[in-house]
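Here is the naming used below: chain letters follow the sequence lines, and residue numbers restart at 1 for every chain.
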Number of protein chains: 2
Amino acid sequence: MADDWRARKRVRTRRTIQEAALRLFLDHGYDQTTVAQIAEAAGVSHMTFFRYFPTKEDVVLDDDYDPMIEELIRARPATEPPVQRVQNAIAHGIALVYAADREAMLTRTRLLLSAPALRARMWENQAVTQQLLERALCGADDPARVPMATRVTAAACLAALTTAITTWAEEDGRAELPALIDEAFTALRTELR
Amino acid sequence: MADDWRARKRVRTRRTIQEAALRLFLDHGYDQTTVAQIAEAAGVSHMTFFRYFPTKEDVVLDDDYDPMIEELIRARPATEPPVQRVQNAIAHGIALVYAADREAMLTRTRLLLSAPALRARMWENQAVTQQLLERALCGADDPARVPMATRVTAAACLAALTTAITTWAEEDGRAELPALIDEAFTALRTELR
DNA sequence: GCTAACATGTTAGCGAATAACATCTTAGGG
DNA sequence: CCCTAAGATGTTATTCGCTAACATGTTAGC
């Protein structure tokens with residue numbers, strides 16, 4: 001019936017740790033902040049920290065966009081050409097959260113780009129997202145034998161998306177992310193001959 | 001006149017460390033090998049190791065392809081469309097070393113893909129290569145204001161190259177890398193609408 | 001041969017991450 | 001209602017990557 005209490009407390013503790021960590025990272029920098037400091041600020045021991053986040057990087061990298069992306073792509077008609085399909089899916093997804101989360105996204109992205117350790121892990125995560133994209137595009141047929149064309153398409157789409165996000169954060173959000181994403185994907189479809 | 005002795009010894013020590021490290025990595029795995037073990041196998045102290053390689057990862061990641069790539073791209077006529085230009089440059093460069101280094105490249109790539117820490121750093125390095133590509137493509141004008149189209153093109157080309165290399169290593173070199181690269185770039189130019 | 005530059009080793013220490021063990025709390029059956 | 005099993009947390013110790021400080025030895029050029 002109810003580990004409801006357990007579950008809720010777990011969620012709360014997790015959020016407490018994450019918020020303490022982000023505040024410290026933003027105030028003093030990622031490398032300058034120690035796990036012990038985060039734990040203390042959150043009122044837990046450093047072991048509890050690692051029970052909730054396997055590594056220091058995960059506090060920042062933890063997001064659940066991947067399932068959302070997969071969902072959005074499958075929702076688009078398979079008749080659209082692949083790149084267009086991915087572009088539409090992402091544009092649609094961004095529209096859902098951008099207005100509400102713009103500032104948080106920008107802050108988080110800037111933080112992500114500020115520390116080499118975080119950037120490295122970010123790319124590593126991208127590789128996972130790419131596999132997801134490949135599966136979504138070729139219809140989840142065989143996990144191993146994805147055709148080269150699909151792999152390249154997925155990689156290129158992700159490259160476009162990342163370029164847009166990076167540009168957005170680098171110029172401190174002066175432009176609007178949806179517009180940049182549109183620009184990047186358009187470039188992908190037109191500029192590549 | 002001559003720190004020739006110094007310089008030569010430095011090069012030799014560096015190579016000794018690197019060879020010891022690679023052998024240990026291949027025999028026992030990257031994560032299972034300790035810097036202390038590498039140092040001992042190379043007959044130096046762990047401090048000497050870090051004087052030659054800033055991190056454990058650098059022993060594997062150390063390569064000097066970047067300047068070569070830049071050179072090769074600039075050597076191609078600027079009249080070629082960007083993607084074609086990059087493809088030609090890389091195809092040309094690969095042809096120079098592939099026959100001689102095939103096995104070493106394959107081994108190294110497999111190692112690179114085997115450990116998460118190495119993969120992460122590999123992506124991080126790619127970001128540097130991408131900036132280089134951007135400069136080479138837009139003529140090294142302004143370092144900050146690279147147009148979006150160029151950024152996307154550079155990112156997409158690198159994505160294609162990486163896809164080819166990854167595929168090559170994943171199927172244990174059964175296919176030939178130059179053919180895979182050609183296939184990937186062709187997909188980039190045709191499949192993307 | 002003497003001195004300055006450089007390469008190396010020794011030791012100590014920090015921080016991330018893991019393991020072993022103890023403690024305390026809540027859940028749920030008897 | 002109590003008692004036990006499961007789960008969450010804390011304490012301590014240890015490993016490993018990495019840095020700093022200092023000492024030592026070795027080569028180069030006067």
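- The side-chain contact (heavy atoms from CB on, under 4.5 Å) test with A/L133 is passed by exactly one of A/T153, A/L161, A/D66, A/V86: A/V86.
- Close to C/dG9, at under 4.0 Å from its OP1 or OP2, lies a side-chain N or O of B/T48.
- Of all nucleotides listed (D/dA8, C/dT8, D/dC18), D/dA8 comes nearest to the side chain of A/Y52.
- The distance from atom CD of B/Q32 to atom P of D/dC16 is 11 Å, rounded to the nearest whole Å.
- Taking the centre and axis of the six-membered ring of A/Y52, the NZ or CZ atom of A/R10 falls inside the cone set by 45° and 6.0 Å.
- Summarising the geometry, the separation between CZ on B/R121 and C1' on D/dG17 is reported as 13 Å, rounded to the nearest angstrom.
- Each of A/T33 and B/H46 has a nearest nucleotide on DNA chain C; the 5'-most of these lies closest to B/H46.
- A 6.0 Å sphere centred on CZ of A/R102 holds more than 12 heavy atoms belonging to other residues, nucleotides or ligands.
- When rounded to the nearest whole Å, the span between CZ of B/F50 and P of D/dA21 equals 17 Å.
- Nearest to the side-chain atoms of B/R6 among the listed nucleotides D/dT26, D/dT11, C/dA16 stands D/dT26.
- Closest to the side chain of B/M47, from the set D/dC18, D/dA21, D/dA13, is D/dA21.
- We find that CZ of B/R10 is positioned 16 Å from P of D/dT27, with the value rounded to whole Å.
- Across the strands present, C/dT25 finds its partner in D/dA6; the criterion is a Watson-Crick or G-U wobble pair with both atom distances under 3.5 angstrom.
- The CZ-C1' distance, from B/R12 to C/dT8, rounds to 15 Å in whole Å.
- At a threshold of 4.0 angstrom between heavy atoms, the contacts of A/S45 include nucleobase atoms, whether or not backbone atoms are also involved.
- If you take NZ of A/K9 and P of D/dG7, they are 16 Å apart, rounded to a whole angstrom.
- Ion pairing between B/E170 and A/R151 holds under the 4.0 Å rule for side-chain N and carboxylate O.
- Checking C/dG15, C/dA7, D/dC18 against every side-chain atom of A/T34, the shortest atom distance belongs to C/dG15.
- Set against D/dG17, C/dT25, C/dA16, the side chain of A/K56 has C/dA16 as its closest nucleotide.
- Stacking of B/K56 on the aromatic ring of B/Y30 is recorded, both the 6.0 Å distance cut-off and the 45° axial limit being met.
- Between A/D31 atom CG and D/dG17 atom C1' the separation is 14 Å, expressed in whole Å.
- Residue A/T55 places none of its side-chain N or O atoms closer than 4.0 Å to OP1 or OP2 of C/dA16.
- If you take CZ of A/F49 and P of D/dA8, they are 18 Å apart, rounded to a whole angstrom.
- For B/R51, counting side-chain heavy atoms from C-beta on, the closest listed nucleotide (C/dG9, D/dT12, C/dA7) is C/dG9.
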